[in-house]
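What's counted below: heavy atoms across the whole structure, side chains too, no hydrogens, waters or symmetry copies.
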Protein chains: 2
Amino acid sequence: MSDAHPDQAGPSTTSSSGVPGGPGGRAGTDAARGGASGGEAEGTRPGVEQTRPGAEETRRIRVLLAEDQGMMRGALALLLGLEDDIEVVAQVAAGDRIVAEAVAVRPDIALLDIELPGRSGLDAAAELRTRLPSCRVLILTTFGRPGYLRRAMEAGAAGFLVKDGPVEDLAVAIRRVLRGERVIDPALAAAALSAGPSPLTQREQDVLNAAADGATVADIAGRVFLSESTVRNYLSSAIGKTGTRNRMEAVRAARQNGWL
Amino acid sequence: MSDAHPDQAGPSTTSSSGVPGGPGGRAGTDAARGGASGGEAEGTRPGVEQTRPGAEETRRIRVLLAEDQGMMRGALALLLGLEDDIEVVAQVAAGDRIVAEAVAVRPDIALLDIELPGRSGLDAAAELRTRLPSCRVLILTTFGRPGYLRRAMEAGAAGFLVKDGPVEDLAVAIRRVLRGERVIDPALAAAALSAGPSPLTQREQDVLNAAADGATVADIAGRVFLSESTVRNYLSSAIGKTGTRNRMEAVRAARQNGWL
DNA sequence: GGTCCCGCGGGACAAATGTCACGGGCGGCC
DNA sequence: GGCCGCCCGTGACATTTGTCCCGCGGGACC
């Protein structure tokens with residue numbers, strides 16, 4: 001747009017929301033350093049030397065990028081910015097910033113990680129579907145879990161990419177999605193189909209989630225507001241359904257399939 | 001490392017050898033190794049000169065990049081390739097390929113992830129230290145765990161970067177390391193110092209590692225070749241030292257500090 | 001009405017887990 | 001030498017965990 005600096009009202013970039021682990025919180029200050037790393041603001045320098053083959057007749061693809069890992073986010077943004085038909089108009093690091101940012105900048109496509117602080121990318125995708133139907137969603141995640149793919153499809157995502165595989169796939173996938181196609185790894189689709197939907201009931205998932213960090217039965221009961229006996233029963237049935245022998249194994253198995 | 005690569009549902013690209021350079025990306029793959037094999041008695045002080053913008057006659061900084069996540073690896077390689085004083089001469093996706101590739105292409109600096117399939121980047125760094133002393137090591141990891149930093153320093157790494165923070169830091173850190181400086185996040189260094197070394201003995205770590213996936217005492221005993229009673233004792237003492245109440249909490253706590 | 005399923009909880013029980021006290025052997029260090 | 005820490009093991013014990021069977025209430029469906 002017409003601005004020049006990261007101080008614009010809506011689409012300022014990386015919110016400073018914290019990322020787990022790092023003791024040193026490094027605040028926003030993502031200001032793209034000059035020179036080669038153009039960054040996302042479109043008009044920073046007039047001399048962006050991309051060669052436009054067809055003049056102005058095609059508007060660039062406006063991309064919102066949601067990814068918590070700073071280096072990954074920056075690298076993807078720079079790379080996409082190098083493509084002459086793609087423009088990164090917003091970057092967010094937290095899941096609960098996605099929808100607000102999207103309605104502010106109205107991108108053509110949202111590139112969402114799943115595991116984000118604050119809110120799952122799948123959740124955000126579902127809300128985006130109703131709040132901003134013109135924006136297509138492309139999920140980009142580390143783990144190709146069958147359940148993730150299933151939920152992504154149910155949330156209305158148009159594509160599902162794993163972070164393995166070459167970077168070149170990314171721009172290609174974006175263009176294909178914008179053309180209305182669906183892009184999904186075929187092997188992953190097969191796995192998702194064969195795995196079937198989650199056999200776990202809602203309560204079982206809750207209890208497993210609460211048990212994931214090593215909490216005792218009493219702890220879980222306190223968090224989920226259930227009796228200890230009930231918690232044991234749910235744990236037991238979850239263990240049975242996952243074919244495991246522990247709550248620990250059950251948690252791992254459920255995570256493995258994307259059921260949590 | 002809860003992650004590593006538990007499921008191979010996706011397209012199993014990550015072969016252990018060099019990564020195929022994309023058709024569009026002119027990223028230097030191992031094609032460059034042929035040129036390097038000739039002159040081996042190079043000056044012991046590679047490229048100590050400051051980066052002079054525009055000066056072409058100085059040799060570019062030769063970088064080896066070890067990172068398992070394909071997209072991250074590709075993005076970093078492309079980005080570093082854009083810098084006019086840096087050249088990515090090798091990319092590996094598995095930890096057990098690092099040393100072999102390094103002695104083959106003799107890079108100036110090795111950019112290593114820690115959590116890699118096959119072998120830890122810290123291990124590889126330690127061996128690199130003796131096998132190829134001219135090559136400096138810069139650790140690039142997702143998690144800024146105090147124990148990781150400590151072990152990286154003990155392995156002779158010259159720098160420690162977390163994958164948060166802007167991409168621009170990367171090239172800067174590479175140049176600084178090549179100049180002989182050490183680059184470490186100050187906050188992280190303070191945390192590592194205050195946390196002290198791991199209180200866990202070797203066996204306790206082994207047992208915790210074996211217990212990480214929800215194995216029973218009998219399973220652990222079988223894996224570590226110990227009596228079940230002994231396993232219980234080690235687990236108990238590990239639980240005590242970490243100040244937790246379960247093996248599950250103990251595993252999480254130990255992971256959190258980088259003690260595993 | 002009846003019947004079925006589901007969420008929720010209780011109680012009893014076996015198995016696993018966590019704790020403690022106690023041994024012996026080995027190596028380093030004052 | 002004595003002391004200490006780590007290694008490895010045993011046995012006993014309390015607690016927790018996992019399993020099974022039971023009951024209650026409510027909603028859906030016939």
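Checking A/M248 against B/L226, the closest nucleotide of DNA chain D that is more toward the 5' end is the one next to B/L226. For the pair B/E204 and A/T216, nearest-nucleotide mapping onto DNA chain D gives the more 5' position to B/E204.
Contact annotation for A/S227: backbone-only contact, meaning every heavy-atom pair under 4.0 Å involves sugar-phosphate atoms and none involves a base. Heavy atoms of B/T201 sit under 4.0 angstrom from primed sugar atoms or phosphate atoms, though from no base atom.
Atom P of nucleotide D/dC7 and atom CG of B/D206 are separated by 9 Å, given to the nearest angstrom. In this structure, A/L235 places its CG atom 9 Å from P of D/dT19, rounding to the nearest Å. The separation between A/R245 atom CZ and C/dA16 atom P is 10 Å, rounded to whole Å. Regarding B/E249, its CD atom lies at a distance of 16 Å from the P atom of C/dT17, rounded to whole Å. Put simply, CG on A/D219 is 14 Å from C1' on D/dT17, counting in whole angstrom units. The interatomic distance linking B/I220 (CD1) with C/dA16 (C1') rounds to 12 Å, in whole Å. Atom CD of B/E228 is separated from atom P of C/dT17 by 9 Å (rounded to the nearest Å). For B/R203 and C/dC26, the CZ to P distance is 16 Å, given to the nearest whole Å.
Nearest nucleotide to the side chain of B/R247, out of D/dG9, D/dG18, C/dG18: C/dG18. Side chain of A/Y234, nearest nucleotide from C/dG7, C/dG18, D/dC7: C/dG7. Picking from C/dG18, D/dG9, C/dG10 the nucleotide with the shortest atom distance to the side chain of A/S229 gives C/dG10.
Residue-to-nucleotide contacts include no donor-acceptor pair under 3.5 Å from the side chain of A/N233 to the base of D/dG18. One can find a donor-acceptor pair under 3.5 Å joining the base of C/dG18 and the side-chain atoms of B/R232.
With hydrogens and angles ignored, the 3.5 Å screen pairs no side-chain donor or acceptor of B/R255 with any backbone N or O of B/A212. Remark: side-chain polar atoms of B/R150 are paired, donor with acceptor, to backbone N or O of B/A192 under 3.5 angstrom.
When only modelled atom types and interatomic distance are considered, A/Q202 and A/D206 share a side-chain donor-acceptor pair under 3.5 Å. Inspection of the A/E115 and A/T142 side chains reveals no N or O donor paired with an N or O acceptor under 3.5 Å.
A side-chain contact (heavy atoms from CB on, under 4.5 Å) with A/V137 is found for one member of A/L132, A/L64, A/L112 and no other, namely A/L112.
Note on A/T230: a side-chain N or O is less than 4.0 Å away from OP1 or OP2 of C/dG9.
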